[in-house]
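Some notes on the structure that comes next.
In what follows, every chain begins at residue 1, and chains take the letters A, B, ... in the order their sequences are listed.
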Number of protein chains: 2
Amino acid sequence: MAQAIPIRKNSPLKASCHECSLSNLCLPLAVEENDLERLEDIVQQGRIFNRGEHIFDQSTPFRSCFAVKSGSIKTSIITEGGEEQVTGFFMPGELVGLDSMSGETYACTAKALERTSVCEFPIEKLEELTGKMPELQHHMYHLMSQEIQNSHQLAMLLSKNTAEERIAALLLSLSSRFQRRRLSPTNFSLPMARNDIANFLGLAVETVSRVFTRFQNQGLIRARGREVELLDVEALQTVTREFSRQGCQ
Amino acid sequence: MAQAIPIRKNSPLKASCHECSLSNLCLPLAVEENDLERLEDIVQQGRIFNRGEHIFDQSTPFRSCFAVKSGSIKTSIITEGGEEQVTGFFMPGELVGLDSMSGETYACTAKALERTSVCEFPIEKLEELTGKMPELQHHMYHLMSQEIQNSHQLAMLLSKNTAEERIAALLLSLSSRFQRRRLSPTNFSLPMARNDIANFLGLAVETVSRVFTRFQNQGLIRARGREVELLDVEALQTVTREFSRQGCQ
DNA sequence: GTACGAGGTTGATATGGATCAATTTGGACG
DNA sequence: CGTCCAAATTGATCCATATCAACCTCGTAC
């Protein structure tokens, strides 16, 4: 079943983790240079999806986690009634599918927001490997824990914060994720539509639109379509913290 | 550093996982009978907390995960401004602290809602053990994934559902968790105050109170204080699904 | 170039639940 | 058994955001 290792390693189509520019963000982050090829042996690299295509589908058998290599991914849950709830956005270097590691099927649907390439980690092989590599296991725990925290953070945003606070928080989150990749933290292009933002943040599209223009009028951002420029990061941070400040009497 | 194993195993104060009534819910669930003592070797059992006492505190060093043995626990995040956000309720057999496995400190504060006993799993030893026991590792992934899903579910509830739907969902969640423990799924005592429910569900206390009385008037439940009886489980399920139904045109 | 449709913006109105305020209940304790 | 304080309930009002409706913008296809 397993392909001969030399073939995979030498295949020009299979770019290696060694050469990947995201190796300081992705799973290789937790792996010694020497052990990197053990990770390379299980990863299936280079799958490419066009905008709108599904990487995986809720209720199909869970097989793999996916690392975003380029592009971006939206995950969402479809309820019985056909309503969509966006649960997350994933950018290069981030791992998708961690919420599916219980149960037989994927817990959500993952859709490419633009032309996107991913690396696939078959879950059985990944579990086998983490069993042998304590640092990689540790890193998996770390990532999953992080995702729990992110989700709690989102729940908090949804239950306690105003529309402005939610949107400021999202912009700043994206900003810092661009920064991690050594891209401009103040000048970027939103990978998702207003609709997705609204759904993710529990708002109506109209509200998202209004807040964008309000921020623009206040000189906090400049936005045309999906192109965004953060003009006053500090002010945005103040917006997100305003809520908790008020709580402090 | 490690105590002599025979002493621990024979100590009358250290009840064993073998004898624990929750062994089919808790971590032992994933462990072969034969291997159970390896788990027993690392667990520190029997710590007891009174109502209101902290099991651990946000921003103190993260050392252990805790399994609830009896009683119940509330976890919450305290924001800079002192605002509390309840992130979860934990019942016997459930594992607390999974959200803290990234970072040096606990990600939230865990507080006993009543007199509560817990089993402590020092994280370093637990990680070491899961590295040696594939099924236990698999179970950890399963639990963490489950918690991500729960949190997404909560986010969904918060962003899309009405007060009635949220409260019906919480009641049903508690119901099924009592049922897993072979307790009555229709007749139980809420471990948490209305305040905690409100905070958890992103509502005002007054709203929670109103919904409880409304449900009562509709004959869905009977509630006096923390004592709750679910009179019409099906109707409650309908309430939680009503939203998604509407979405289906 | 023009037509088309999806995505985005703007305006007017409605509403669920927050907030403020008052009262009641219940449990802990002397 | 009464006192006291926190928790819970009930009522009245207000507001942020949803909803409904109209319009605009831009990319794509012909």
**Study point:** Main-chain N/O of A:A168 paired to A:T240 side chain as donor or acceptor, under 3.5 Å
**Key:** no
What is the separation between atom [atom1] on [X] and atom [atom2] on [N], rounded to the nearest whole Å?
| X | N | atom1 | atom2 | answer |
| --- | --- | --- | --- | --- |
| B:E165 | C:dG16 | CD | P | 12 Å |
| A:K160 | C:dA18 | NZ | P | 10 Å |
| A:L113 | C:dG7 | CG | C1' | 15 Å |
| B:R214 | C:dG17 | CZ | C1' | 9 Å |

Among [options], the nucleotide that comes nearest once only the side chain of [X] is considered:
| X | options | answer |
| --- | --- | --- |
| A:A193 | D:dT10, C:dG8, D:dT17 | C:dG8 |
| B:S209 | C:dG11, C:dA18, D:dT9 | D:dT9 |
| A:A204 | C:dT19, D:dA18, C:dT9 | D:dA18 |

Short side-chain N/O contact from [X] to OP1 or OP2 of [N], under 4.0 Å:
| X | N | result |
| --- | --- | --- |
| A:T213 | C:dT10 | yes |
| B:T207 | C:dA18 | yes |
| A:R194 | C:dT9 | yes |

Check your understanding: Between A:R224 and B:E206, which has a closest nucleotide on DNA chain D that is more 5'?
Key ->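 The 5'-side residue here is B:E206.
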Check your understanding: Side chains of A:R180 and A:S176: do they bring a donor and an acceptor to under 3.5 Å?
Key ->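 Side chains of A:R180 and A:S176: no pair found under 3.5 Å.
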Review point. Do A:E227 and A:S189 meet the criterion of a side-chain donor-acceptor pair at a distance under 3.5 Å?
Key: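 Present: a donor and an acceptor within the cut-off.
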Review point. Is any side-chain N or O of A:R226 under 3.5 Å from a base N or O of D:dT25, one able to act as donor and the other as acceptor?
Key: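 Such a pair does not exist between side chain and base.
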Practice item. Establish whether the base of C:dG11 is bridged to the side chain of A:R210 by a donor-acceptor pair shorter than 3.5 Å. Key: yes
**Study point:** Whether over 12 other heavy atoms sit under 6.0 Å from A:R226 CZ
**Key:**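 Yes.
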